[in-house]
Amino acid sequence: MLNRHKSPLLGLWNGVGGKLEPEESPYASVLREVREETGIALADAHFGGIVTWEVDGHPSSGMYVYIADMPDGRASDFDKPVETDEGILAVKPIEWVIHPDNQGIAGHVRHFLPPMLNYEASREYRCIFRQGKLVECLSLPLQESYAVGVN
C-alpha cells in the first residue's frame, strides 16, 4: 500500500499505480508502475476489473485494477514503512485494508478489493461521490470495450 504524498487521496493509503503511457496496454502499465513505485518486478498480474467514478452527477475517470502476489522474499523489504517520492510504502494486512472503520484508506477500496482478491468475475465498480463523499459503489457487468487489451 502507498500512503500518498500528493493529491488525489493525499494522506490516504491506496494501491500503487499511475497513468498509461502512449501505446501502452493496461497490463504493461501495471507492471511498469509497480516497478517504478516499489522496485518490485512482478512476474504476473491478474486483471481484477475496472473502477470508475461519478462525481456530483458527472462521469469522471477510472482505472484498471490488477491483483498480484508479492514475489518470494520481497515482503520482508517492507516490514517497516519505506519513504519514496510518491509516498510511504508498507505491506498492510487485507483485514486492515478492508475494515469498515478504517478511515485512513481510500474509502472505495473496501468495495471492490474483496471480490477481486477472491478472483470473482471481472466487473466495473462505479463509485458515486457527492460533495466529496462516497455515497454508493455499484457492481456492474463489465462492458466488453473495457476489457480489450487488459492483458
From Ile128 CD1 over to Arg130 CZ, what is the distance, rounded to the nearest 0.5 angstrom? 6.0 Å
For residues Pro71 and Ala41, report the shortest heavy-atom separation together with the two atoms involved. CG-O, 3.9 Å
Donor-acceptor pairs under 3.5 angstrom involving side-chain atoms of residues 99-109: please list them, not counting sequence neighbours.
residue: His99; atom: ND1; partner: Asp101; partner atom: N; Å: 3.0
residue: Asn102; atom: OD1; partner: Gly104; partner atom: N; Å: 2.8
residue: Asn102; atom: ND2; partner: Trp96; partner atom: O; Å: 2.9

Could you check if a side-chain atom of Pro141 sits within less than 4.5 angstrom of a side-chain atom of Arg123, using non-hydrogen atoms only? yes
In Å and rounded to the nearest 0.5 Å, what is the CD to NE2 distance from Glu86 to His5? 9.0 Å
Just how far is it from atom CG of Asn3 to atom CD of Glu83, taken to the nearest 0.5 Å? 9.0 Å
Nearest 0.5 Å please: distance from the CZ atom of Phe112 over to the CG atom of Leu138. 14.5 Å
Using a 4.5 Å cut-off on heavy atoms from C-beta on, say whether the side chain of Val65 contacts that of Leu113. no
CG (Asp72) with more than 12 external heavy atoms under 6.0 Å: no
Minimum heavy-atom distance Tyr66-Pro26, with the two atoms named: OH-CB, 3.5 Å
Return the set of residues passing salt bridge (Lys or Arg N to Asp or Glu O under 4.0 Å) with Arg35 (not counting sequence neighbours), or none when no residue passes. none
Should Glu124 and Thr52 count as side-chain neighbours, where that means a heavy-atom distance under 4.5 Å? yes
Are the side chain of Asp56 and the backbone N or O of Gln131 linked by a donor-acceptor pair below 3.5 Å? yes
Would you say Tyr64's side chain and Phe47's backbone share a donor-acceptor pair under 3.5 angstrom? no
Could you report the tightest heavy-atom contact between Cys137 and His111, atom names first, then the distance? SG-CB, 3.6 Å
So, do Ile88 and Met1 sit near enough that their side-chain heavy atoms are less than 4.5 Å apart? no
Look up atom CG in Leu31 and atom CD in Glu24, then write down how far apart they are to the nearest 0.5 Å. 9.0 Å
